[in-house]
Amino acid sequence: MELRAIPFAGTWGAASSVCRALASEVVLRELEATGALEGLSKKESKKKVNEAVPTRAQDLAEQVAVRIAAGQNGFARVEAVSGYVNISFDANAVAARLVGEVLRQGVAYGRGGPRGEVVMVEHSQPNTHKAFHVGHLRNTCLGVATSRILAAAGYPVKDATYIGDIGMHVIKCLWCYERFHRGEEPADPAARGRWLGEIYAESDARLNFRKDVLDLLHLLAREDQVFVAAIDRLLKYLWRMNTEGEDIAYLLGRMTHAQEIKEDLLREEDVIPKFWPIVGAQLRDEVENQKPYVPVEGVPEPTTTPEERLARWEALAPQMDEWWPQVPAWREEVKETFQRWERQDEEFVALWQETRGWSLADFERIFAELGARFDVWFFESQVEEPGRRMVQEMLEQGLAEISDGLPVVKIDAKLGLETETYRTLPILRSDGTTLYSTKDLALTKLKFEEYGVDRALWVVDVRQSLYFQQIAKILELAGFDQAAQAQHIGYEMVRLPEGVISSRKGNVPIYDDIRDAVLVRAREIIEEKNPDLSSEAKEQVARQVGIGSLKYAMLARDITKVVVFDLEEALSFDGHAAPYVQYAHARACRILEHAGATEEHLLGFADGLDFGSEQPEATELGLLQAVAALPEEVQRSAAEYRPLLLTNYVYELAKRFNDFYHACPVLQSPEPTRSARLALVAATRQALANGLDLLGIEAPAVM
RNA sequence: GCGCCCGUAGCUCAGCGGAUAGAGCGCUUGCCUCCGGAGCAAGAGGCCGCAGGUUCGAGUCCUGCCGGGCGUACCA
């Protein structure tokens, strides 16, 4: 018989829907026997049956209820309600057992029994030489929570971070450093990681300058009708400027037809820089003399405003004359720089090591702030060579093959799949340099072989789900069976209210900025709410509440949902947010403090808990039920890899505590109610603290 | 084209096949002589994207469609 909790306040017990299922069978059989269903369509007879089901279910439930009640099973009440059999417990007795259990177990309350399977959670994969941003923040929050929840569910867990300390991004950054900024690093070592991230962003802007310019021109051609209409006028202007020629004809022709401009088809180096000021003049004119937008049949609506288009032009304009001519040479220099890495040029390796250290120091600080600690630090640089060897072996085995000049694995073909499923994965660049896949093949094997794990989880955003399936499948094809136990936990992206985050647009919220803003706000609020705290205490609470809110915002959305990160919203500590839960915890602490009751003391009378009436108050029951639910929520959250479930749990628990708090005085109540309620407060405090801890959120005693 | 994900209140989101679909934000109105007002109470606000199907019972499972996002051979 299937049981579930009774979904109404004021009762505590189990409900069974068995009579509802039974009733339809009974009714169907009766109607068939009397011939009432003859000649009716399936739908009609179903309707007839369903009409009779509710009353029959209630009849049956009443009969069952009487039987059970007669059996004297120690239940408080047995009732039949709308076809359900509801069995209520003796709440005082169940409450006493529960509260005693929670207080005895303390910080261990909610934890499951030990399990044998060792799980490695790989999360937090920032790249050195780049900034730690809001996307990494979601990853680390989810990773920390997932790991803690799995540990609480009973698994031995190993936390692993995988640092991208080598790759094209590092080469680009170091090229830019050597070429333009050598020796300009900040004197303060703590500021160097962030500075390096800015150098990377600059290298990206320099190397992609031509692409960005052409992208803008293409955008104008596509959606700025006024601009396209003006091209004829621009042509005349150019004629007067004596820049006539094949290139101009090509350029304007492509733009008139909204086609992409291919850089290699431009013969003269300076045609775009010459054209550029005219584009700006036109865009400025469009901003100043704006006409209302008129939709045209068959022409897609513009995705940008004239102001935005002008802003993009203005962002590129200052560098045009200096950068445009140099881009091809720069790209060559970057290639040469990559070669220095490949041949392990001594001077270059030393530079790499030094700058890498700047970023790592930053990451260690950020991980500490976010409560992420790792049993293992993996680095991309450490698996490059093992990866290359694996590629070589796969080529020899015939699993990998050279296609279009580079080693790939045609996975579907190897599996004999007709329909396109795993597709093809390149596993090494044609120039012999390593790809992400080269390194992940080696790393995944390493996890199982060197670290003795039974299951390996990748906490990485959902865009890489095909990629991770490919990695696991390739390893299986290579005869590495454990790869089947490698699993991707793909969570959705972080976006901004104004759209996608892209380093190209330069709109990536940097973690340090977000954290600073949140701490400033938290300090303001503490100053206002609790000015008497010592300044050390204020600073500690600001950190607990500020960082806690940030984490909560990242965890309070399911992993299948895109997080729209709104700094304003993150700075609001009202409502469904960490401080609501933390505040409930602080108030519970304060009540216990006033009572002068330690938990050991409360434990003394927990066994004889008596709420002072036959049945505890509705809000007391609600709270007891919530406290009781933690162990089950931990298991479900772990099984589904969904920290959200625990986030919802602590919020619900805090809410029930508030209901209780407003309805039931604790300290002024007569005994034995006072002691019972005090013990309930202590158990609630413990459940709140334990739940928050699993999310990696601190539970302040005062705030 | 194929694959994965999302679509629930004005907005952001919960909702373990079950009883009356819930929170927060925003809006309206109340509540500190009482364990802390980062709170509480009340009100307004819903073709749970659409159409079929499975089931005694569907926001929840299945199929199709519509809308949006992401992925899909040398980025990571």
Side-chain angles (χ1 to χ4, degrees), chain A residues 2 4 6-8 15 17 19-28 46 49-50 53-54 56-57 81-84 86 125 127 164 167-169 380 403-410 419-421 423-431 433 435-440 460-467 469 490 492-493 495 500 525-526 528-530 545 556-564 566 569 572-580 582-584 586-588 590-595 632 636 640 644-645 647-648 651-652 655 658-659 661-669 677 681 702-703:
Chain A
E2 200 200 317
R4 66 177 62 84
I6 301 173
F8 305 110
S17 60
C19 293
R20 301 187 129 216
L22 218 59
S24 77
E25 263 179 64
V26 172
V27 169
L28 179 65
K46 195 167 186 174
V49 170
N50 280 349
V53 163
R56 178 47 72 92
V81 183
S82 52
Y84 290 84
N86 291 351
Q125 303 94 339
N127 290 325
M168 196 49 94
H169 66 280
E380 286 188 31
S403 172
D404 292 344
L406 71 157
V408 302
V409 180
K410 296 186 173 171
T419 51
E420 138 188 313
T421 309
R423 316 182 68 114
T424 297
L425 185 71
I427 53 175
L428 198 65
R429 284 201 190 88
S430 50
D431 64 3
T433 59
L435 289 164
Y436 211 58
S437 54
T438 321
K439 297 171 256 192
D440 255 325
V460 180
D461 78 66
V462 72
R463 290 177 301 183
Q464 281 156 64
S465 56
L466 172 61
Y467 166 75
Q469 286 178 44
E492 266 293 353
M493 320 284 315
R495 306 174 71 155
V500 194
I525 292 183
I526 289 151
E528 172 196 327
K529 306 273 182 190
N530 211 341
V545 169
R557 233 154 229 75
D558 219 335
I559 57 175
T560 55
K561 286 261 175 37
V562 173
V563 165
V564 177
D566 187 342
E569 224 167 83
S572 161
F573 299 150
D574 296 331
H576 195 164
Y580 180 89
Q582 292 173 316
Y583 190 61
R587 285 198 302 196
R590 182 52 62 90
I591 294 174
L592 295 170
E593 188 190 318
H594 280 304
E632 188 193 329
R636 194 157 73 95
E640 298 176 22
L644 167 73
L645 298 180
T647 315
N648 285 346
Y651 181 74
E652 182 67 24
K655 204 170 188 51
N658 269 323
D659 291 344
Y661 179 88
H662 286 273
C664 302
V666 177
L667 299 175
Q668 289 97 326
S669 299
R677 287 183 177 166
V681 170
V702 287
M703 56 188 279

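So that the names make sense, note that chain A is the first sequence line, chain B the second, and so on, each numbered from 1. Keep in mind that the numbers below use all heavy atoms, side chains included, and drop hydrogens, waters and symmetry copies.
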Enquirer: Please classify the nucleic acid contact of Y651(A) as base, sugar-phosphate, or nothing, using heavy-atom distances under 4.0 Å.
Expert: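 Y651(A): backbone/sugar contact only, no base atoms under 4.0 Å.
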Enquirer: Rounded to whole angstrom, note down the C1' distance from C6(B) over to U20(B).
Expert: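 My reading of the C1' atoms in C6(B) and U20(B) gives 28 Å.
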Enquirer: Judged by atom type as modelled, is there a donor-acceptor pair below 3.5 Å linking the side chain of T433(A) to the main-chain atoms of R429(A)?
Expert: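 Judged by distance alone, no pair lies under 3.5 Å.
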Enquirer: What's D431(A) touching, base or sugar-phosphate or nothing? Going by heavy atoms closer than 4.0 Å.
Expert: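 No contact.
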Enquirer: With sugar-phosphate meaning primed atoms plus P, OP1 and OP2, does I526(A) contact a base, only sugar-phosphate, or nothing at under 4.0 Å between heavy atoms?
Expert: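 Base: the residue I526(A), judged by heavy atoms under 4.0 Å, touches a nucleobase.
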Enquirer: So what does T560(A) hit on the nucleic acid, given a heavy-atom distance under 4.0 Å: a base, only sugar-phosphate, or nothing?
Expert: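 Contact class for T560(A): sugar-phosphate only.
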Enquirer: Who passes side chain to side chain contact (heavy atoms under 4.5 Å, CB included) against R463(A), sequence neighbours left out?
Expert: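 Result, side chain to side chain contact (heavy atoms under 4.5 Å, CB included) vs R463(A): D461(A), M493(A).
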Enquirer: Which residues pass the side chain to side chain contact (heavy atoms under 4.5 Å, CB included) test with T560(A), not counting sequence neighbours?
Expert: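 Testing T560(A) for side chain to side chain contact (heavy atoms under 4.5 Å, CB included), a comparison that skips the adjacent residues, returns D558(A).
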Enquirer: Can you run through RNA chain B from 5' to 3' and write each base as (, ), [, ], | or . depending on how it pairs? Watson-Crick or G-U wobble, both distances under 3.5 Å.
Expert: (((((((..((((....[...)))).(((((.......))))).....(((((..]....))))))))))))....
Enquirer: Tell me if a side-chain donor or acceptor on S465(A) pairs with a main-chain N or O of G490(A) at a distance below 3.5 Å.
Expert: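 Looks like no, no N/O pair under 3.5 Å.
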Enquirer: So R423(A), base contact, sugar-phosphate only, or nothing? Heavy-atom distance under 4.0 Å.
Expert: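 Base, at least one base heavy atom under 4.0 Å.
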Enquirer: Taking atom C1' in both G26(B) and G43(B), compute the distance separating them and give it to the nearest angstrom.
Expert: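 Roughly 14 Å separates the two C1' atoms.
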Enquirer: Give me the distance, rounded to whole Å, that separates U8(B) from G15(B) when you measure between the P atoms they each carry.
Expert: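 Their P atoms lie roughly 14 Å apart.
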Enquirer: Would C32(B) be called syn or anti here, given the cut-off of 90° from 0?
Expert: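 The base of C32(B) is oriented syn (glycosidic angle within 90° of 0).
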Enquirer: Could I get the full list of side chain to side chain contact (heavy atoms under 4.5 Å, CB included) partners for K46(A), not counting sequence neighbours?
Expert: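 For K46(A), the residues satisfying side chain to side chain contact (heavy atoms under 4.5 Å, CB included) (neighbours in sequence not counted) are N50(A).
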Enquirer: Need two values: the first and the last nucleotide of RNA chain B, 5' to 3', having an atom under 4.0 Å from any heavy-atom of chain A.
Expert: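 Nucleotide range in contact with chain A: G1(B) to A76(B).
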Enquirer: Find which nucleotide of RNA chain B each of N648(A) and L435(A) is nearest to by heavy atoms, and output the residue with the more 5' nucleotide.
Expert: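 Counting from the 5' end, the first nearest nucleotide belongs to N648(A).
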Enquirer: Quote, to the nearest angstrom, the C1' distance that separates G45(B) from A21(B).
Expert: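 It comes out at 14 Å once rounded to the nearest Å.
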Enquirer: With sugar-phosphate meaning primed atoms plus P, OP1 and OP2, does A15(A) contact a base, only sugar-phosphate, or nothing at under 4.0 Å between heavy atoms?
Expert: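 Counting heavy atoms under 4.0 Å across all strands, the contact made by A15(A) includes a base.
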Enquirer: When rounded to the nearest Å, what value does the distance between P atoms of G7(B) and G17(B) take?
Expert: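 Rounded to whole Å, the distance is 16 Å.
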Enquirer: Kindly write out the residues that satisfy ring-ring contact (aromatic ring centres under 6.0 Å, His included) with H576(A), not counting sequence neighbours, or none if the list is empty.
Expert: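 For H576(A), the residues satisfying ring-ring contact (aromatic ring centres under 6.0 Å, His included) (neighbours in sequence not counted) are Y552(A), Y651(A).
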Enquirer: Does any non-hydrogen side-chain atom of R677(A) lie less than 4.5 Å from one of P665(A)?
Expert: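 Of all side-chain heavy-atom pairs linking R677(A) with P665(A), at least one is under 4.5 Å.
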Enquirer: Contact class for K561(A) vs. all strands (heavy atom < 4.0 Å): base, sugar-phosphate, or nothing?
Expert: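 If one applies the 4.0 Å heavy-atom cut-off, K561(A) turns out to touch the sugar-phosphate alone, with no base involved.
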Enquirer: For R20(A), report the nucleic acid contact type (base, sugar-phosphate, nothing); a contact means any heavy atom under 4.0 Å.
Expert: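 Base, at least one base atom sits under 4.0 Å.
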Enquirer: Between G53(B) and G30(B), how many Å separate the two C1' atoms, rounded to a whole number?
Expert: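 Roughly 50 Å separates the two C1' atoms.
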Enquirer: Listed by chain and number, what are the side-chain hydrogen bond (donor to acceptor under 3.5 Å, both in side chains) partners of Y580(A), not counting sequence neighbours?
Expert: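 Testing Y580(A) for side-chain hydrogen bond (donor to acceptor under 3.5 Å, both in side chains), a comparison that skips the adjacent residues, returns N658(A).
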Enquirer: Kindly write out the residues that satisfy side chain to side chain contact (heavy atoms under 4.5 Å, CB included) with V702(A), not counting sequence neighbours, or none if the list is empty.
Expert: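 V702(A): side chain to side chain contact (heavy atoms under 4.5 Å, CB included) contacts with L533(A), R590(A).
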Enquirer: Taking atom C1' in both C50(B) and A14(B), compute the distance separating them and give it to the nearest angstrom.
Expert: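 Straight-line distance between the two C1' atoms is 24 Å.
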Enquirer: R495(A) near the nucleic acid: base, sugar-phosphate alone, or nothing, with a heavy-atom cut-off under 4.0 Å?
Expert: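 Sugar-phosphate, no base atom in range.
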Enquirer: Under 4.0 angstrom, heavy atoms only, what part of the nucleic acid is C664(A) near: base, sugar-phosphate, or nothing?
Expert: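 The residue C664(A) makes base contact.
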Enquirer: Could you work out the separation of G49(B) and C16(B) based on their P atoms and round it to a whole Å?
Expert: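 Result for the P pair: 15 Å, nearest Å.
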Enquirer: Across the strands shown, which category fits T433(A) at heavy-atom distances under 4.0 angstrom: base, sugar-phosphate, nothing?
Expert: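 Contact class for T433(A): none.
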Enquirer: Under 4.0 angstrom, heavy atoms only, what part of the nucleic acid is Q464(A) near: base, sugar-phosphate, or nothing?
Expert: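 Since a base atom lies under 4.0 Å of Q464(A), the category is base.
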Enquirer: Report the residues that fulfil salt bridge (Lys or Arg N to Asp or Glu O under 4.0 Å) with R587(A), sequence neighbours left out, ordered by chain and then residue number.
Expert: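 Scan of R587(A) (salt bridge (Lys or Arg N to Asp or Glu O under 4.0 Å), adjacent residues dropped) gives none.
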Enquirer: Report which part of the nucleic acid E632(A) touches: base, sugar-phosphate, or nothing (heavy-atom distance under 4.0 Å, all strands).
Expert: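 Answer is base: heavy atoms of E632(A) come under 4.0 Å of a base.
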Enquirer: Which part of the nucleic acid, if any, lies within contact of E380(A), taking any heavy atom under 4.0 Å across all strands shown: a base, the sugar-phosphate backbone alone, or nothing?
Expert: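 Result for E380(A) = sugar-phosphate.
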Enquirer: Here's a test of your reading of the structure: between K439(A) and V81(A), which maps to the more 5' nucleotide of RNA chain B?
Expert: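 Going by which nucleotide is closer to the 5' end, it is V81(A).
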Enquirer: Identify whether the distance between the nearest side-chain nitrogen and carboxylate oxygen of K561(A) and E492(A) falls below 4.0 Å.
Expert: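 Salt bridge flag = no for E492(A) with K561(A).
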